[in-house]
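For reference, the structure discussed in these notes is given below.
Since we're looking at a predicted model, the values are computed, not measured. Throughout, residue positions are numbered sequentially from 1 according to the sequence presented. Each ligand, and each atom within it, is numbered from 1 in the order the structure gives.
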Amino acid sequence: MSTAEILSRHNIKPSLMRVMIFDYLKENRTHPTVDDIYKALHPAVPTLSKTTVYNTVKLFVKSGITKMVTIEEQQSRFDGCTDLHGHFICSECGGVFDFETEEPIVSGLSDFEISTHDVYCSGICKNCKKN
Ligand SMILES: [Zn+2]
Ligand SMILES: [Zn+2]
């Protein structure tokens, strides 16, 4: 399915900027912030503003095609992969890495309604450990 089709299926009008931002999220599994996305795409699209990036990723999150990763208090990161997976944050380089996790990841909440399902770990990534 093309990006434009995915967006249309979620009732999002596939404008050029929206397609570019969604493609960027799909291709860059680095969990970029709004700033990161803006800095990466702005050279190619000088008319792009940070507000557009912000509003676009908010729209994607609302539509369920992007996940917001709030692993740090100061900033939100965005993830084009919405399948269940955990996030590891490196305290040295600040990198956020995906790891596999299996359902069910919680027990003892059978009468509760769970709306978000996030697994976070932190430590030192393998690249930083080498140095
Ligand atoms: Zn690291
Ligand atoms: Zn992720």
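Enclosure of atom CZ in F112 is not indicated, since only 12 or fewer non-hydrogen atoms of other residues, nucleotides or ligands lie within 6.0 angstrom.
Clustering ILVMFWY residues whenever any of their side-chain heavy atoms sit less than 4.5 angstrom apart, transitively, puts V45 in the very cluster that holds I37.
Here the angle at the Zn ion (ligand 1) defined by SG in C90 and SG in C93 stands at 110°, rounded to 10 degrees.
Of all protein N, O or S atoms, those under 2.8 Å from the Zn ion (ligand 2) number 5.
Residues C125 and F88 meet the side-chain proximity criterion, which asks for heavy atoms closer than 4.5 Å.
When V61, L25, D118 are each tested for a side chain to side chain contact (heavy atoms under 4.5 Å, CB included) with K67, only one passes: D118.
Listed by chain and number, the residues in a side chain to side chain contact (heavy atoms under 4.5 Å, CB included) with S76 are M68, T70, F78 (sequence neighbours excluded).
No donor-acceptor distance shorter than 3.5 angstrom exists from the side chain of E27 to the backbone of Y24, with no hydrogens or angles considered.
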